Amino acid sequence: MSEPAVETEATLPPMFNSLDRCDRCGAQAKLRAVLRHGVLLFCGHHGHEYARKLEDVGAIIESEF
């Protein structure tokens with residue numbers, strides 16, 4: 001019997017797709033901020049701008065950069 005396939009970063013689906021848009025400006029999302037009561041998506045520009053503040057309030061940051 002063969003070994004089960006192990007997922008690696010190379011086989012995982014992309015974190016964001018073309019339908020994920022920045023909640024601030026509508027550009028392609030590159031950063032996800034997971035908060036207690038919801039999720040915010042940001043483009044690279046706004047993600048860099050708000051990441052520190054979001055971390056300070058306890059958000060979990062997931063990004064493509």
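As the structure is a computational prediction, the values presented were derived from the model and not from experiment.
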message = The criterion is side chain to side chain contact (heavy atoms under 4.5 Å, CB included); which residues satisfy it with His45, sequence neighbours excluded?
response = Cys43, Glu49
For Asp20, side chain to side chain contact (heavy atoms under 4.5 Å, CB included) partners two or more places apart = Phe16, Asn17, Gln28, Ala29, Leu41
query = Closest approach of Gly26 and Arg21, non-hydrogen atoms and distance?
reply = O-NE, 3.0 Å
ask   = Looking only at heavy atoms, what is the nearest atom pair of Leu35 and Val57, with distance?
value = CD2-CG2, 4.2 Å
key: Pairs flagged by ring pair (Phe, Tyr, Trp, His ring centres under 6.0 Å) wherever residues 20-44 is involved - sequence neighbours left out   = Phe42-Tyr50
query = How far does CE of Met15 sit from CG of Leu31, to the nearest 0.5 angstrom?
reply = 9.0 Å
ask   = Can you list every side-chain hydrogen bond (donor to acceptor under 3.5 Å, both in side chains) pair that touches residues 51-65, not counting sequence neighbours?
value = Lys30-Glu64, Arg32-Glu62
task = Taking atom CZ of Arg24 as the centre, report whether more than 12 heavy atoms of other residues, nucleotides or ligands fall under 6.0 Å from it.
result = no
